[in-house]
Amino acid sequence: MKTIVFSSIKGGTGKSSNSIMFSNFLGQAGKRVLVIDMDIQNSTSFYYVNDPEEVEAYSIADAIHQGNLKSNIVKTAELDNIHIIPSSFNLVNLRSVSHMTLKRLLPQIKGEYDYCIIDVAPTWDNIVLNALYAADAIITPVILAQWDWKGACFFRDQIIQDLGEEYLAKWSLLINKFRKPRSANPENLTNQLLGLFNETFDNIIPVHIPNTTLVNQYLDFEEFVNCSSKKIKLYEAVQELTHVLTGERLCPEVF
């Protein structure tokens, strides 16, 4: 099982949307996926679970507190092979839990899933560190803006300080909400920001998730994305992201 964490110190960068699209792409391609929502905003949980009582009854907070992941896994409304451990406001009561707890618990589900996708809050605390220590890959979505660049710099420095430089090899940036510049003019703001990111980081995934209203439709109305002319750019971007992260060229009809 490969564990992939979507994490950013800055909110609004697309952690939840990209983790959901990525998980669904894998699921529609037949992969067994466990989603873990460690963000107290519960966005990912409420996307996958229709019954609010299930979100209250099962949670990653209880799983960590009880030391049992299996008893908190919920089947999703999407696909039989996508399951979730929902988030909970009770995560705020686990501020003293060891950074290594989740990593110690994940072997409980070894062999049951192909991928574990974790969405965490836009912060830096012991709950986020639990996810990062357990990760095989860490993805930080960024928008081409100065604040996102500063946030990515902070994130890199904190990885080195708290996890160690060896974890940098697991970390990549994903450019999200991308608008292609109209020209190659170096004075163009988008080109300037692309240059800034490329000069600072050598771990940028060669995939740009396009800025499109389709993402909102996908999340809000559970609209499928396929290879039709209006949706092909988003489909191909998520497909390429999946290829980079898994090494497999998957081609589900929809996700």
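Taking all atoms of both residues into account, the shortest heavy-atom contact from Ile36 to Cys116 is CD1-SG, 3.6 Å. Contact detail for Ser87 and Ser59: the closest heavy-atom pair is O-CB, 3.8 Å. Minimum interatomic distance between Leu79 and Gln28 (heavy atoms only, all atoms of both residues): CD1-N, 3.5 Å. Minimum heavy-atom separation, Ala237 to Pro210: CB-CD, 3.7 Å. The shortest non-hydrogen separation linking Asn126 to Ser96 is ND2-N, 3.8 Å. Across every non-hydrogen atom of Ser71 and Gln66, the tightest pair is OG-OE1, 3.7 Å.
More than 12 non-hydrogen atoms from other residues, nucleotides or ligands lie less than 6.0 angstrom from CZ of Arg249. The number of heavy atoms from other shown groups lying within 6.0 Å of NZ (Lys2) is above 12. At most 12 non-hydrogen atoms from other residues, nucleotides or ligands lie less than 6.0 angstrom from NE2 of His65. Counting non-hydrogen atoms of other residues, nucleotides and ligands closer than 6.0 Å to CG of Asp202 gives a total of 12 or fewer.
Between Asp119 atom CG and Ile4 atom CD1 the span is 13.0 Å, to the nearest 0.5 Å. Note that the OG1 atom of Thr3 and the CD1 atom of Ile109 stand 7.0 Å from one another [nearest 0.5 Å]. Here the straight-line distance linking atom OG1 of Thr123 with atom CD1 of Ile40 works out to 9.0 Å at 0.5 Å rounding. To the nearest 0.5 Å, atom CG of residue Leu91 and atom CG of residue Asn130 are 9.5 Å apart. Taking CG of Leu144 as the reference point, atom CG of Leu189 lies at 8.5 Å (rounded to 0.5 Å). Distance CG/Asp62 to CG/Asn90: 6.5 Å, rounded to 0.5 Å.
Below 30°, between 30° and 60°, or above 60°: for Tyr167 and Tyr133 the angle between ring planes is above 60°, a perpendicular geometry. Using the six-membered ring where Trp is involved, Tyr218 and Tyr47 have ring planes that are parallel, under 30° apart on the 30 and 60° scheme.
Here the side chains of Ile85 and Asp37 are not in contact, with every heavy-atom distance at 4.5 Å or above. For the pair Asn203 and Leu168, the minimum side-chain heavy-atom distance is 4.5 Å or more. Under the 4.5 Å side-chain criterion, counting only non-hydrogen atoms from C-beta, Pro122 is in contact with Asp39. When side chains are defined from C-beta on, Val215 counts as touching Ser17, because their heavy atoms get closer than 4.5 Å. Using a 4.5 Å cut-off on side-chain heavy atoms (C-beta onward), Phe178 and Thr190 make contact. Side-chain atoms of Asn176 and Thr13, non-hydrogen and from C-beta on, never get closer than 4.5 Å to each other. Taking the side chain as every heavy atom from C-beta outward, Ile209 and Val207 approach each other to under 4.5 Å. Residues Ser7 and Val128 have side chains in contact (heavy-atom distance under 4.5 Å, counting atoms from C-beta outward).
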Using atom types as modelled, flag every donor-acceptor pair under 3.5 Å from a side chain in residues 159-166 to any protein atom, sequence neighbours excluded.
| residue | atom | partner | partner atom | Å |
| --- | --- | --- | --- | --- |
| Asp162 | OD2 | Trp124 | NE1 | 2.7 |
| Asp162 | OD2 | Gln158 | NE2 | 3.4 |

Per-pair distances, 0.1 Å, donor-acceptor, side chain in residues 192-200, under 3.5 Å, sequence neighbours excluded:
| residue | atom | partner | partner atom | Å |
| --- | --- | --- | --- | --- |
| Gln192 | NE2 | Glu187 | O | 2.8 |
| Asn198 | ND2 | Leu194 | O | 3.0 |
| Thr200 | OG1 | Trp149 | NE1 | 2.9 |
| Thr200 | OG1 | Leu196 | O | 2.8 |

After noting the C-alpha distance and the side-chain angles of Asn24 and Phe224, does the key distance pass the side chain to side chain contact (heavy atoms under 4.5 Å, CB included) rule? CA-CA 10 Å; Asn24 286 353; Phe224 286 114; over 6 Å; no
Would Asn226 and Ser228 satisfy side-chain hydrogen bond (donor to acceptor under 3.5 Å, both in side chains), going step by step from the backbone distance to the final call? CA-CA 6 Å; Asn226 54 32; Ser228 65; 2.8 Å; yes
Let me see the working for Arg95 and Asp125 under salt bridge (charged side-chain N to carboxylate O under 4.0 Å, His left out), right down to the final yes or no. CA-CA 8 Å; Arg95 297 307 185 193; Asp125 57 18; 2.7 Å; yes
CA sep, side-chain torsions, deciding dist, call: Tyr48, His83, ring pair (Phe, Tyr, Trp, His ring centres under 6.0 Å): CA-CA 8 Å; Tyr48 281 114; His83 298 164; over 10 Å; no
Decide side chain to side chain contact (heavy atoms under 4.5 Å, CB included) for Ile139 and Val5; before the verdict, give the C-alpha distance in whole Å, the side-chain angles of both, and the deciding distance to 0.1 Å. CA-CA 6 Å; Ile139 310 302; Val5 176; over 6 Å; no
Decide side chain to side chain contact (heavy atoms under 4.5 Å, CB included) for Leu69 and Leu102; before the verdict, give the C-alpha distance in whole Å, the side-chain angles of both, and the deciding distance to 0.1 Å. CA-CA 9 Å; Leu69 294 181; Leu102 182 61; 4.2 Å; yes
Tell me, with the steps shown, if Leu26 and Thr242 meet side chain to side chain contact (heavy atoms under 4.5 Å, CB included). CA-CA 8 Å; Leu26 290 171; Thr242 306; 3.8 Å; yes
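Screening Ile138, Ile117, Val120 for a side-chain contact (heavy atoms from CB on, under 4.5 Å) involving Phe6 leaves a single residue, Ile117.
Residues Ile204 and Phe155 share a hydrophobic cluster, clusters being chains of Ile/Leu/Val/Met/Phe/Trp/Tyr side chains in contact below 4.5 Å. There is a path of hydrophobic side-chain contacts, each under 4.5 Å, that joins Leu234 to Leu245. Taking hydrophobic clusters as Ile, Leu, Val, Met, Phe, Trp and Tyr residues chained together by side-chain heavy-atom distances below 4.5 Å, Leu34 does not share a cluster with Phe22. In the hydrophobic clustering of this structure, Leu174 does not group with Trp171; members are Ile, Leu, Val, Met, Phe, Trp, Tyr whose side-chain heavy atoms approach within less than 4.5 Å, directly or through other members. Ile143 is not connected to Leu173 by any chain of hydrophobic side-chain contacts under 4.5 Å among Ile, Leu, Val, Met, Phe, Trp and Tyr, and they are in different clusters.
Of the possible polar contacts, one joining the Gln239 side chain to the Leu250 backbone as a donor-acceptor pair under 3.5 Å is found. Judged purely by atom type and a 3.5 angstrom limit, Asn42 has no side-chain atom pairing as donor or acceptor with the backbone of Ser45. Of the possible polar contacts, one joining the Asn81 side chain to the Lys31 backbone as a donor-acceptor pair under 3.5 Å is found. A side-chain donor-acceptor contact under 3.5 Å links Asn72 to the backbone of Asn68.
Residues meeting the salt bridge (charged side-chain N to carboxylate O under 4.0 Å, His left out) test with Lys231, sequence neighbours left out: Glu223.
Taking the six-membered ring for Trp and the full ring otherwise, the centers of Tyr235 and Phe25 sit less than 6.0 Å from each other.
A salt bridge does not link Asp136 to Lys170: none of the charged side-chain nitrogens sits closer than 4.0 Å to a carboxylate oxygen.
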